[in-house]
Amino acid sequence: KLFIYLKMQKSKSRENISTSAEASSDKNSTSSKTLPSPDFSGLMTDLNTLNSEGNSLMKQSKLEEAKTKFIQGHKKFELAADKIYSLYTNNEQVDQILALYKILLSKIAECFYEQKKYKEAIEFDLKLICLEPKNSEAIYRLFNSYSKIEKSQQAVYYGDIFLELEANNKNKIENSEKEIEKEKIKLLHIQNSRKNWIKIILFNFIFMIVILSIMRLFFYRNKNN
């Protein structure tokens with residue numbers, strides 16, 4: 001009887017532990033569900049305002065002032081970036097903010113490009129295509145930027161990507177194919193020039209070895225005579 005009594009008490013104890021664990025779990029689940037979702041309305045308003053002000057300044061050809069506005073928006077986004085990316089699939093505002101952020105990146109790159117600061121333009125266009133790999137405007141600007149700083153291999157790489165996208169684009173950029181083809185020819189000349197330069201170096205090296213060998217033989221014969 002004592003054994004049966006102890007067994008019943010043990011069973012009740014297990015039931016109590018299970019019930020309290022379930023209650024705790026339900027409580028935690030309920031509390032997590034009631035946590036308020038972050039509100040990015042203020043950030044969206046700021047980004048829209050800065051983008052609008054920047055566009056207005058660009059129309060007045062005030063590139064530096066416009067760029068400053070766009071960069072302010074970029075910095076505001078970066079401050080909240082970790083929180084935004086962590087809620088990528090759980091917050092309806094995130095898509096709108098990311099769309100605004102991509103516009104800001106494109107505008108910053110455009111300002112730098114127009115100011116002939118091609119390395120800086122490349123930096124922001126690379127950020128942009130990380131978020132939007134098929135952004136033809138950024139890709140063509142990358143082609144041009146790399147071409148301007150004499151990096152033909154990178155320019156041709158982005159030129160080829162652009163041509164693939166352009167195949168299905170009704171509003172094609174005028175003369176883009178000709179410009180990319182010219183860059184390919186330029187790259188080919190550079191590669192051929194490097195090959196010729198290597199050949200010249202090798203020829204001169206072999207020539208010097210031959211001359212030194214002849215001089216050594218000449219001095220050796222004179223010494224023996």
Side-chain angles (χ1 to χ4, degrees), residues 51 54-55 57-71 73-74 78 98-99 101-217:
N51 182 47
N55 283 331
L57 289 164
M58 280 190 82
K59 289 176 182 178
Q60 300 172 52
S61 299
K62 296 180 179 179
L63 288 176
E64 190 60 35
E65 293 91 332
K67 188 177 70 181
T68 300
K69 293 290 182 181
F70 296 135
I71 289 176
H74 173 264
E78 291 295 315
L98 285 174
Y101 180 57
K102 286 185 281 188
I103 291 170
L104 289 169
L105 289 174
S106 183
K107 292 294 183 180
I108 295 168
E110 185 180 348
C111 287
F112 275 125
Y113 183 84
E114 291 298 324
Q115 292 177 320
K116 299 183 179 180
K117 296 180 179 179
Y118 302 115
K119 290 182 180 179
E120 290 85 350
I122 287 168
E123 177 188 344
F124 284 93
D125 272 327
L126 288 175
K127 284 185 179 182
L128 177 52
I129 64 170
C130 283
L131 294 171
E132 192 177 338
K134 293 184 178 181
N135 187 306
S136 59
E137 183 182 343
I139 290 167
Y140 191 62
R141 194 162 46 233
L142 280 167
F143 159 74
N144 281 309
S145 294
Y146 277 117
S147 177
K148 297 290 186 183
I149 61 172
E150 301 296 328
K151 291 194 174 183
S152 293
Q153 191 166 351
Q154 292 91 327
V156 168
Y157 172 78
Y158 285 105
D160 282 338
I161 293 175
F162 177 77
L163 289 177
E164 288 178 13
L165 296 175
E166 281 287 89
N168 299 318
N169 189 357
K170 293 179 181 179
N171 301 315
K172 295 187 177 183
I173 296 176
E174 189 178 355
N175 296 325
S176 59
E177 289 186 24
K178 289 181 180 178
E179 292 299 317
I180 293 167
E181 189 59 34
K182 280 165 62 177
E183 194 67 31
K184 287 182 178 181
I185 293 169
K186 180 180 171 183
L187 177 60
L188 189 60
H189 285 320
I190 292 169
Q191 290 172 338
N192 288 335
S193 177
R194 285 175 183 169
K195 288 177 183 177
N196 290 335
W197 181 242
I198 291 169
K199 287 178 182 178
I200 291 168
I201 292 172
L202 285 173
F203 174 79
N204 288 334
F205 180 71
I206 294 168
F207 179 75
M208 288 298 295
I209 290 174
V210 171
I211 293 296
L212 289 170
S213 299
I214 292 170
M215 289 177 64
R216 185 178 179 187
L217 181 62

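Position 1 is the first residue of the sequence, and the numbers go up from there. Note that the coordinates shown come from a computational prediction; the quantities given were computed from them, not determined experimentally.
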Original post:
Which atoms form the tightest heavy-atom contact between H74 and L104, and what is the distance?
Top reply: N-CD1, 4.0 Å
Original post:
Side-chain contact, heavy-atom cut-off 4.5 Å: I122 with I149?
Top reply: yes
**OP:** Under the side chain to side chain contact (heavy atoms under 4.5 Å, CB included) rule, what do K116 and Y118 come out as? Steps first, then yes or no, please.
**Re:** CA-CA 5 Å; K116 299 183 179 180; Y118 302 115; 3.4 Å; yes
Original post:
Looking at K186 and E150, does any basic side-chain N land under 4.0 Å from a carboxylate oxygen?
Top reply: yes
Original post:
Given F143 and F162, is the ring pair (Phe, Tyr, Trp, His ring centres under 6.0 Å) satisfied, shown in steps?
Top reply: CA-CA 8 Å; F143 159 74; F162 177 77; 7.9 Å; no
**OP:** Would you check if R141 and S106 make a side-chain contact, meaning some heavy-atom pair closer than 4.5 Å?
**Re:** yes
**OP:** Verify the neighbour count for atom NZ of K102: are there more than 12 heavy atoms of other residues, nucleotides or ligands below 6.0 Å?
**Re:** yes
Subject >> Atom of A121, atom of F112 and distance for their closest heavy-atom approach >> reply: N-CB, 3.7 Å
Original post:
Rounded to the nearest 0.5 Å, what separation is found between the CZ atom of F124 and the NZ atom of K119?
Top reply: 15.5 Å
Original post:
Atom OG of S136 and atom CG of L165: how far apart are they, to the nearest 0.5 Å?
Top reply: 6.5 Å
Original post:
Do E120 and Y113 have side chains that get closer than 4.5 Å, going by heavy atoms?
Top reply: no
Subject >> Any Y101 side-chain heavy atom under 4.5 Å of L105 side chain >> reply: yes
**OP:** Taking the side chain as every heavy atom from C-beta outward, state whether V156 and I180 have any pair of such atoms under 4.5 Å apart.
**Re:** no
Original post:
Which distance, rounded to the nearest 0.5 Å, do you find between the CG of N55 and the CD1 of I103?
Top reply: 8.5 Å
**OP:** Could you tell me whether the side chains of Q115 and E64 share a donor-acceptor contact shorter than 3.5 Å?
**Re:** yes
Original post:
Do you know the tightest heavy-atom contact between Y140 and S176?
Top reply: OH-CA, 3.5 Å
Original post:
Taking all non-hydrogen atoms of both residues, which atom of A66 and which atom of M58 are closest, and how far apart?
Top reply: CB-CG, 3.5 Å
Original post:
Going through the distances and angles, do E181 and K178 end up as a side chain to side chain contact (heavy atoms under 4.5 Å, CB included)?
Top reply: CA-CA 5 Å; E181 189 59 34; K178 289 181 180 178; 5.7 Å; no
**OP:** Establish, for the pair K67 and F70, whether the NZ or CZ atom is under 6.0 angstrom from the six-membered ring centre and no further than 45 degrees off its axis.
**Re:** no
Original post:
Is there side-chain contact between K184 and D160, with at least one heavy-atom pair below 4.5 Å?
Top reply: yes
Subject >> Approximate separation, where rounding is to 0.5 Å, of L187 CG and K182 NZ >> reply: 15.0 Å
Original post:
At what distance, to the nearest 0.5 angstrom, does CD1 of I161 lie from CD1 of I139?
Top reply: 5.5 Å
Subject >> For L63 against C111, the heavy-atom pair lying closest together >> reply: O-SG, 4.0 Å
Original post:
Does K127 NZ have over 12 foreign heavy atoms under 6.0 Å away?
Top reply: yes
Original post:
Taking side chain as C-beta onward, heavy atoms only, is Q60 less than 4.5 Å from E65?
Top reply: no
Subject >> Approximate separation, where rounding is to 0.5 Å, of E179 CD and I173 CD1 >> reply: 11.0 Å
Subject >> I129 side chain reached by L142 side chain, heavy atoms, under 4.5 Å >> reply: yes
